[in-house]
**Student:** 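This structure is in C-alpha cells; I'll ask about it shortly.
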Amino acid sequence: MHPNYRAIYMTVQRIPPGKVASYGQIARLAGLPGRARQVGYALHALPPGSPVPWFRVVNARGQISQRETTGAANRQRDALEADGVDVDDRGRIDLKQFGWRA
DNA sequence: TCTGTGACCGCAC
DNA sequence: CGTGCGGCCACAG
C-alpha cells in the first residue's frame with residue numbers, strides 16, 4: 001500500500017466518535033498540506049468493511065460530499081446519525097458543534 | 001509523456 | 001445563502 005494512503009487512514013482513525021473532520025484537515029494532519037483531493041481518492045479506494053471510519057470525513061463546508069451514486073451519501077448520513085452526529089435533510093452538519101478540533 | 005477526471009479548498013461575486 | 005473559477009495533485013488510459 002502507498003505510504004500516503006497509510007498516513008491518511010491512520011489520521012482518519014484518530015477522529016473521535018461523534019465528531020467529523022474535513023478532507024483538508026485530514027490532509028494537513030497526515031502531513032500532506034493542500035492535498036485534500038488525495039484524501040478523497042484514498043477514501044474512494046477504501047475496501048468495504050474496513051476499520052477506517054470514512055463516514056466521519058466531510059468537506060470544508062460541513063456537507064456530505066456528493067458522488068456518482070447517492071446511495072453512498074445516504075449510508076454516510078445514517079452512519080453519522082448512528083454515531084450521534086446531527087445531519088439535516090440537505091446533508092449539512094454544524095461544524096461548531098461536531099467539528100473535530102485537534 | 002500527455003490528457004482528462006475527481007468523495008477538495010478558498011475566495012470573489 | 002448560491003455559483004463560479006483557479007489552484008491543487010494522484011491516478012488511469
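Numbered from 1 within each chain, the chains take letters A, B, ... in sequence-line order.
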**Student:** Rounded to whole Å, please give me the gap between CG in A/Asn74 and P in B/dA7.
**Tutor:**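 Rounding to the nearest Å, CG of A/Asn74 and P of B/dA7 are 16 Å apart.
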**Student:** Measuring to OP1 and OP2 of C/dG2, would you say a side-chain N or O of A/Arg90 lies under 4.0 angstrom away?
**Tutor:**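 Indeed, a polar side-chain atom of A/Arg90 lies that close.
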**Student:** Measure from the side chain of A/Ala36, starting at C-beta and using heavy atoms only, and say which of B/dC8, C/dA10, C/dC1 lies closest.
**Tutor:**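 Nearest to the side-chain atoms of A/Ala36, counting from C-beta on, is B/dC8.
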**Student:** Between A/Arg77 and A/Ile64, is there a side-chain heavy-atom distance shorter than 4.5 Å?
**Tutor:**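 A/Ile64 reaches A/Arg77 side chain to side chain.
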**Student:** Measure from the side-chain heavy atoms of A/Arg61 and tell me the nearest of B/dC11, C/dC9, B/dC9.
**Tutor:**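 The closest nucleotide is B/dC11.
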**Student:** Indicate the ring-plane relationship of A/Tyr9 and A/Tyr5, choosing parallel, tilted or perpendicular according to the 30° and 60° boundaries.
**Tutor:**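 The rings of A/Tyr9 and A/Tyr5 stand perpendicular, inter-plane angle above 60°.
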**Student:** Run the numbers on A/Asp86 and A/Asp94 for side chain to side chain contact (heavy atoms under 4.5 Å, CB included), then give the verdict.
**Tutor:** CA-CA 8 Å; A/Asp86 289 337; A/Asp94 181 12; over 6 Å; no
**Student:** Using whole Å, what does the distance between atom P of nucleotide B/dA7 and atom CG of A/Leu46 come to?
**Tutor:**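 Answer to the nearest Å: 14 Å.
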**Student:** Just to confirm, is there a sub-4.0 Å distance from OP1 or OP2 of B/dC8 to any side-chain nitrogen or oxygen of A/Ser22?
**Tutor:**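 Result: no.
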**Student:** Please determine whether a side-chain nitrogen or oxygen atom of A/Arg35 lies at a distance below 4.0 Å from atom OP1 or OP2 of C/dA10.
**Tutor:**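 Checking C/dA10 against A/Arg35, a side-chain N or O does come within under 4.0 Å of OP1 or OP2.
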**Student:** Could you give the CZ-to-P distance, from A/Arg37 to B/dA7, as a whole number of Å?
**Tutor:**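 Atom-to-atom, A/Arg37 to B/dA7, this comes out as 8 Å.
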**Student:** Whole-Å distance between B/dA7 C1' and A/Gln76 CD?
**Tutor:**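 Rounded to the whole Å, the gap is 8 Å.
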**Student:** Go through the side-chain N and O atoms of A/Arg67 and A/Gln76 and say whether any donor and acceptor fall under 3.5 Å apart.
**Tutor:**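 On atom types as modelled, these side chains qualify, holding a pair under 3.5 Å.
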**Student:** Do the side chains of A/Met10 and A/Val20 join up, straight or via other hydrophobic residues, at under 4.5 Å, putting them in one cluster?
**Tutor:**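 No: no chain of side-chain contacts under 4.5 Å links A/Met10 to A/Val20.
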**Student:** At less than 4.0 Å, is any side-chain N or O atom of A/Tyr23 found next to OP1 or OP2 of C/dC9? Yes or no.
**Tutor:**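 Checking A/Tyr23 against C/dC9: no side-chain N or O falls below 4.0 Å of OP1 or OP2.
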**Student:** I'd like to know if A/Tyr41 reaches the base of C/dA10 with its side chain such that a donor and an acceptor end up less than 3.5 angstrom apart.
**Tutor:**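 Check fails, no donor-acceptor contact within cut-off.
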**Student:** Assign A/Gly34 to base, sugar-phosphate, or nothing according to its heavy-atom contacts below 4.0 angstrom with the strands shown.
**Tutor:**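 Nothing: the residue A/Gly34, judged by heavy atoms under 4.0 Å, touches no strand.
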**Student:** Could you tell me how far apart A/Leu43 (CG) and C/dA10 (P) are, to the nearest whole angstrom?
**Tutor:**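 My rounded result for the distance is 16 Å.
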**Student:** Among the nucleotides B/dA7, C/dG7, C/dA10, which one has an atom lying closest to any side-chain atom of A/Gln38?
**Tutor:**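 In terms of side-chain proximity for A/Gln38, the closest of B/dA7, C/dG7, C/dA10 is C/dA10.
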**Student:** Output the rounded distance in Å from CG (A/Asn59) to P (C/dT3).
**Tutor:**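 Computing the A/Asn59:CG to C/dT3:P distance gives 14 Å.
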**Student:** Hey, which sits more toward the 5' end of DNA chain B by its nearest nucleotide, A/Arg28 or A/Val57?
**Tutor:**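 With A/Val57 and A/Arg28 compared, the 5'-side residue is A/Val57.
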**Student:** Would you mind reading off the distance between A/Asn4 atom CG and C/dA10 atom P, rounded to a whole angstrom?
**Tutor:**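 Taking CG of A/Asn4 and P of C/dA10, I get 8 Å after rounding.
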**Student:** Could you tell me how far apart A/Leu95 (CG) and B/dG10 (P) are, to the nearest whole angstrom?
**Tutor:**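 It works out to 11 Å between those atoms.
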**Student:** Looking only at side-chain atoms of A/His2, point me to the closest of C/dC11, C/dG4, B/dA7.
**Tutor:**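 The nucleotide sitting nearest to the side chain is C/dC11.
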